[in-house]
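To start, the structure itself, in structure tokens.
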Amino acid sequence: MVSPLEWIGQHKPAAVVVGVGGLAVLVGGIGAMASGRPPVEVTDVVAGDVVAVAAGDDAWQVSLLNLETPAECLADEARAFLADALPEGTTVRLEEGLAPARPPGPTAAGVMLDDVLVNAEVARAGLGIAVVDGTDATFYDEVLKAQQEAAAAGRGLYSTESECTPAGRVAAYAEAADDVDARAVVVLAGENLDELEEHRTAITAAAAAGEDLRAFLDGDRDSLPLAAYDDDALRALVADVEAVDERFAAGLTATDERTAEVERILAERAEAARLAAEQAARQAAEEAARQAAAEAARQA
């Protein structure tokens with residue numbers, strides 16, 4: 001598994017400063033800008049977007065500007081990523097946003113590890129999203145670009161493997177339908193009414209999760225994890241849920257139809273067995289009567 005430090009090294013943005021009209025323009029990232037502020041030392045990671053730092057006798061907390069990480073889904077993963085990237089004692093540089101820094105230093109900033117903007121790397125791992133803090137969008141574009149890269153790659157908040165992300169929950173719903181369909185191949189081919197009833201119960205239980213899932217996807221769009229998804233992405237997830245709903249509905253219909261068919265088959269067999277038994281009884285009675293008549297004739 002790639003560590004966060006290795007991750008940052010592999011995904012390090014190319015920073016090229018080009019002189020344009022006497023101004024310094026950064027190509028490929030904001031990471032190479034220098035504020036001239038002395039470096040500080042990381043003393044703790046409070047959350048996925050908050051670090052505690054110290055400089056000399058001063059200590060304070062710094063929020064990673066233009067980054068928001070989850071409070072619940074993947075919150076532990078975000079904090080762990082940042083803690084591994086910035087272990088205690090790591091020296092970083094704080095790039096200020098629009099708000100003037102107050103002693104002992106900025107409380108919201110771009111956290112630079114060498115020439116890498118750590119704010120963006122958390123988003124690139126899919127563990128945070130770009131936000132504008134008030135009117136300060138100093139690092140917003142770079143964090144947003146990293147967030148979009150994570151979305152395209154299906155990382156973190158966009159992963160289909162997680163049990164709490166929107167994509168993960170929809171994927172799990174689809175997997176439940178796959179399991180039901182796989183069992184249907186065997187159950188619908190048989191003539192066991194108990195298994196058919198159990199199969200119907202399983203479909204109903206699996207489909208019930210769809211109601212909760214739709215309510216979840218219709219939840220607070222301003223909070224994570226839904227805030228990580230744009231309108232098109234959420235509409236696509238809702239469409240996926242509706243497609244699974246249709247699969248479950250089709251499964252219930254097929255099960256009910258097969259149940260009715262099996263009941264008819266079993267009833268026909270039972271009726272045929274009853275008629276056969278009656279026929280056998282008549283034949284036995286007739287044979288007994290013939291034997292009795294023959295015995296009576298013999299004795300006479």
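Bear in mind that the values here come from a model prediction, so they are computed numbers and not experimental data.
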Connected-component partners of Y140 among ILVMFWY, side-chain separation under 4.5 Å: V132, L144

Taking every non-hydrogen atom, the tightest pair across H199 and A184: NE2-CB, 3.6 Å

Hydrophobic cluster (4.5 angstrom, side-chain heavy atoms) - remaining members for L98: none

Which atom of P70 lies closest to which atom of L157, heavy atoms considered: CG-CD2, 3.9 Å

Pairwise distance CZ(R221) to OH(Y229) - rounded to 0.5 angstrom: 12.0 Å

Pairs flagged by side-chain hydrogen bond (donor to acceptor under 3.5 Å, both in side chains) wherever residues 162-177 is involved - sequence neighbours left out: Y173-D245

Sub-4.5 Å side-chain heavy-atom contact between P166 and L226: yes

Greater than 12 external heavy atoms within 6.0 Å of E72's CD: no

Any side-chain heavy-atom pair of R258 and L196 under 4.5 Å: yes

Within 6.0 Å of CD in E261, more than 12 heavy atoms from elsewhere: yes

Atom pair CG/CD of L65 and E95 - distance to nearest 0.5 Å: 11.0 Å

Sequence neighbours excluded, every pair satisfying disulfide bond (SG atoms under 2.5 Å apart) that has a member inside residues 115-163: none

Partners meeting side chain to side chain contact (heavy atoms under 4.5 Å, CB included) with A171 (sequence neighbours left out): T160

With sequence neighbours excluded, residues passing side chain to side chain donor-acceptor pair (under 3.5 Å) with E257: none

Any side-chain heavy-atom pair of L94 and V40 under 4.5 Å: yes

V111 with V46, same ILVMFWY side-chain cluster at under 4.5 Å: no

Carboxylate-amine/guanidinium proximity below 4.0 Å for D232 and R235: yes

Pair Q299-E295, side-chain donor/acceptor within less than 3.5 Å: yes

CZ on F81 to CG on L127, rounded to 0.5 Å: 6.5 Å

